[in-house]
Amino acid sequence: MTINTLAKGGWYREQMTCFRKMEKVIVAMQDPDMGMKMRNQRLLITVIPHAMTGRDVIDWLIQKYNICEEEALHVGGMLVRYGYIYPLKEPRSLVLRADETPYRFQTPYFWTSTRWPASELDYAIYLAKKNIRKQGELMEYEKERYSLLHKRINHTWDFVVMQAREQLRASKQRRKADRIVLECQEQAYWLINRPPVRSLTLHYSAVLYHTVLSCIESCRRALGRNRVKSSICLEGFVKFSEQYQNHDPIMQGCLPSNPWISDDTNTHRLERWSFSFMELLNDPIGRREFMTYLEKEFSAENLCFWQACEDIRHGESSKIIQKVEDVYKNFLAPGAARWVNIDSKTMDKTLEGIKHPHRFVMDDAQLHIYFLMKKDSYPRYLKSDLYKNMLAKAIVPQETKKSVFPFMRRQRHSSPSPAQAVTQVTEEDGRAMGAGKAGTNSLPPSPLSLLVTIVTIQGVLSVYSFISD
Amino acid sequence: MACQGLQKGETLASLKRECDNLKKKLEEERGKLNDVELHQVAEKTEVLGALSVKTRRVLKGHGNKVLCMDWCKDRRRLVSSSQDGKVIVWDAFTLNKEHGITLPCTWVMACAYAPSGCAVACGGLDNKCSVVPLSLDKTENLAAKKKSVAMHTNYVSGCTFTNSDMQLLTCSGDGTCALWDVESGQLLQSFHGHTADVLSLDLAPSETGNTFVSGGCDKKANVWDMRSGQNIQSFESHESDINCVKYYPSGDAFASASDDATCRFYDLRADREVAVYQKDSIIFGASTVDFSLSGRLLFAGYNDYTINAWDVLKGTRVSVLFGHENRISRVRVSPDGTALCSASWDNTLRIWA
């Protein structure tokens, strides 16, 4: 499935298919048998070979594609606009005239599709050539661009002038007719790819227009945003960091309550449950404890409902309809076994949504129950005996004991991979921990040798860091 | 036809002027509520001492540059992907290579571990992001069970699962991000707004979990709403490509790493950049960033082979970690904050703690 084609890369891809189609037409036009009749055209005093009139082009298109004159004019006009055919007499007038005006095919070397995108360097060389060849030959807009380029790519300016001189010298050695043809072709190419500002070709205007419009729209939306004072926001970061500082293993220089060592609940982990409701719910043991508490309060259906909604949101698409039905039957239907208390507005909206169930249909109701638990049950849980007893019984993590050997190293075991069984990760009996050796792939060392290593390397440093604290 | 071009030409110039004016106004509005700087607020916090963080493991096994890595939620396993087309799942403790998947394309630039730990996603120059279920049956050819989920029109630069194994969020060189349903491979939402390659994305750790941030070669970092596909906020202050974006643990801010050799910190509520982490001696671009668990430290990997640890609040550099022999492609702090893993173009990964 294609994603946006108006984005820069996508646009280019879309245009390329058009170019290919146009190129097919051009090639057909130049077919020796079925193509157009070419003739020599007189341009001032020189004879230009292989040219055709506008009338020829129209007639050929009408005949080949079985279309009317108006359509042929339109298609032919596109071929001129995109530079596949260029006018000889009035090069800046990129229109197809259905009369004796002479035109010529652009050489494939100068097709837009071949030389995409037109480079700044090449343009600079072209303008330099024009300038050197005949002073005052540059038009106003070309003069502006020339000086802009001179500023922008000043570092390669010597190269530009050198190239321009070389190309002019090489062209002098060609026959006059060839030279004029080449000059016409090159001029035509640049008229298409670097048009004078006023008459932007379709390429640039479409893309730029769209980008600028979307930029304006997003600016307008951004202006309407509510912003918060910096002092308030930044204080928030300071507070957050302070709160979590003791729980940041990398900063403390050693490993408290490391789940790699033990799965016991300790004060650090329990403390985190009091930071926010999300912390409690995210910890599987926390969630379990909270459920126990709610059961005591006879409001467990709230958490069950929330979990069922999470299951719908994150579960398999094929099971959504069935799950939504079950949730409705168990929690929302009048007289349901585990009816949850939602305000009538949200209930009505949810019931409407259930008629066409999708992944997020329960979101509003779920959020309502989430905030209900957060405001009501959660604070009471934190004040409850259940939680307080847990805290009292919990193990104090070893780093707060500040012993000489800050932590015990235990032998490394491999823990079962989550891919093996879909059980709760925290209930694994893996007891493993990192040792101090840098980058070894060896067998787990015996505890004794580990201790020895620690004392000699880590122990000394750690002792030092505690002393310096 | 030509006249229509002219008309557009006229309005285009005036539109551009309107756009520039609006941008100026936006900057003024943002500046109005800027009453204090971050380092001023942080003056009362204590100064951090140098970190005593060392390399604890070196994971060798990739045959070429390691481009990406991701931790598993079990905090010891990780998946890494490399330029040679290989994706390896390691047990970082024991240094065991548990799974190896060979992809038909080279430059696997993105990889992610599924929240359940039962699958990994990977993608890169093949313009696709595929999900591979992990199986402990050693005789099974994992690559055969690979399932193509995301299809972009250019390389995939980053991917992450949302809160479940069922949805995948990707960003690509085609300038878009997209949300996919893993089972059906259906495109659920696409996000347009970047005007150049998108190089990185990160999911917000918020309660409602519905936004993510992306950064790209257009020097912009955009915040998106996953449900509506709308671009909620946009920040443009870097001077070069943004290589990596990462949310602050509280979800109220994010950091970015860029080729202009700076990392920046953006506050979402104040809607502006609040800190720049740079030093005259740091010349090479930063390719990756991640926060420590408390959000006080910001680890950034650079193209000069080092990892710098910044004090997020004070804006100063706390430590430099040397050890890698080529540029750092990715740094990630483990889910429990106990260790930092860095992936590098020197074919290895290192665990620091």
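Chain A is the first sequence line, chain B the second, and so forth, proteins listed ahead of strands; every chain is numbered from 1.
- Classified by interplanar angle (parallel below 30°, tilted 30° to 60°, perpendicular above 60°), the ring pair W180(B)/H152(B) is perpendicular.
- By the 6.0 Å and 45° rule, R77(B) does not stack over the aromatic ring of Y113(B).
- L48(B) touches chain A through its side chain: at least one heavy atom from C-beta onward sits under 4.5 Å away, while N, CA, C and O do not.
- Proximity to chain B (any heavy atom under 4.5 Å) is shown, for S218(A), by neither the backbone nor the side chain.
- Ionic pairing of E235(A) and K44(B) is present here: one or more N-O contacts between side-chain nitrogen and carboxylate oxygen are shorter than 4.0 angstrom.
- Looking only at side-chain heavy atoms (C-beta outward), L134(B) and V120(B) come within less than 4.5 Å of each other.
- For chain A, the nearby part of L51(B) is the side chain; its heavy atoms alone come within less than 4.5 Å.
- Residue contact with chain B, scored on non-hydrogen atoms closer than 4.5 Å, involves the backbone of N226(A) exclusively.
- Looking at L313(B), the atoms closer than 4.5 Å to chain A (heavy atoms on both sides) all sit in the side chain, from C-beta outward.
- Proximity to chain A involves both the backbone and the side chain of P249(B), based on heavy atoms less than 4.5 angstrom apart.
- For a residue to count as touching a neighbouring chain, one of its non-hydrogen atoms must lie under 4.5 Å from one of that chain's; by this rule V53(B) touches chain A with the side chain only.
- If you measure heavy-atom distances from E242(A) to chain B, the contacts under 4.5 Å come from the side chain alone.
- Options K32(B), R227(B), E18(B) differ in how many heavy-atom pairs under 4.5 Å they form with chain A, and the most are formed by R227(B).
- Evaluation of the salt bridge (charged side-chain N to carboxylate O under 4.0 Å, His left out) rule for D311(B) yields R296(B) as partners, not counting sequence neighbours.
- At a 4.5 Å heavy-atom cutoff, L281(A) makes no contact with chain B through either its backbone or its side chain.
- Between H247(A) and F275(A), the ring planes lie perpendicular to each other; the angle is over 60°, past the 30° to 60° tilted range.
- Ranked by heavy-atom pairs under 4.5 Å with chain A, the list A119(B), S292(B), S294(B) is led by S294(B).
- F265(B) and F237(A) have tilted rings, their planes meeting at an angle from 30° to 60° on a 0 to 90° scale.
- Neither the backbone nor the side chain of F161(B) comes within contact range of chain A, judged by heavy atoms closer than 4.5 Å.
- Note on G173(B), G337(B), A92(B), G295(B): by heavy-atom pairs under 4.5 Å with chain A, the leading option is G337(B).
- Checked against salt bridge (charged side-chain N to carboxylate O under 4.0 Å, His left out), R350(B) has no partners two or more places apart in sequence or in another chain.
- Within the model, atoms CH2 of W306(A) and CG of D311(A) stand 11.0 Å from one another, a figure rounded to the nearest 0.5 Å.
- Residue Q40(B): no heavy atom, backbone or side chain, is found under 4.5 Å from chain A.
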